[in-house]
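Contents: one structure, followed by commentary.
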Amino acid sequence: TRVLPMNVNSVSIDQFMASFSKEDWQRIVHALQSYVINEEASLSTQNVGDREWDRLAAYDVLANDINLYVLGGKANG
């Protein structure tokens, strides 16, 4: 089920509801974790500051939250 009311002249979406299967959530977590691994490798070769690492950490936290609260798994770390 998907509801997507939006104003064409607006840049924000008012509401988005979707249902995902367990396999979909597992793919989402895998994609987030893969992104984090690739970005960690990239950032470690660059001279970046805390801001870039903090932005990346948000994706890792999101993957952990989905794994823990949606899939009922264990948190990483």
Side-chain angles (χ1 to χ4, degrees):
T1 305
R2 202 171 117 184
V3 178
L4 186 61
M6 51 188 285
N7 182 344
V8 187
N9 297 321
S10 174
V11 293
S12 66
I13 297 173
D14 297 320
Q15 182 180 24
F16 181 79
M17 294 171 31
S19 296
F20 298 109
S21 69
K22 181 177 180 177
E23 291 79 16
D24 290 337
W25 282 114
Q26 289 170 332
R27 283 196 262 324
I28 291 166
V29 169
H30 178 74
L32 287 166
Q33 290 170 336
S34 296
Y35 174 74
V36 169
I37 290 167
N38 289 331
E39 285 299 303
E40 283 177 343
S42 175
L43 291 177
S44 66
T45 64
Q46 303 171 33
N47 185 20
V48 297
D50 290 341
R51 182 183 312 163
E52 290 81 6
W53 287 102
D54 289 345
R55 286 182 187 153
L56 182 59
Y59 292 95
D60 194 37
V61 169
L62 179 58
N64 264 331
D65 285 351
I66 293 170
N67 193 41
L68 184 63
Y69 298 112
V70 176
L71 296 173
K74 294 182 181 178
N76 294 331

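Note that this is a predicted model, so its numbers are computed, not measured. What's counted below: heavy atoms across the whole structure, side chains too, no hydrogens, waters or symmetry copies.
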Taken in chain and number order and not counting sequence neighbours, the residues that satisfy side-chain contact (heavy atoms from CB on, under 4.5 Å) with Leu62 are Leu32, Ile66

Here the ring-ring contact (aromatic ring centres under 6.0 Å, His included) pairs for residues 49-74, sequence neighbours left out, are Tyr35-Tyr59

Contacts satisfying salt bridge (Lys or Arg N to Asp or Glu O under 4.0 Å) that involve residues 27-38 (not counting sequence neighbours) are Asp24-Arg27

Please set out all donor-acceptor pairs under 3.5 angstrom arising from side-chain atoms of residues 41-50, sequence neighbours excluded.
unit_1 : atom_1 : unit_2 : atom_2 : d
Ser42  : OG     : Gln46  : NE2    : 2.8
Ser44  : OG     : Glu40  : O      : 3.2
Ser44  : OG     : Ala41  : O      : 2.9
Thr45  : OG1    : Ser42  : O      : 2.7
Gln46  : NE2    : Ser42  : O      : 3.3

dist Ile28:CD1 -> Asn67:CG (nearest 0.5 Å) comes out at 12.0 Å

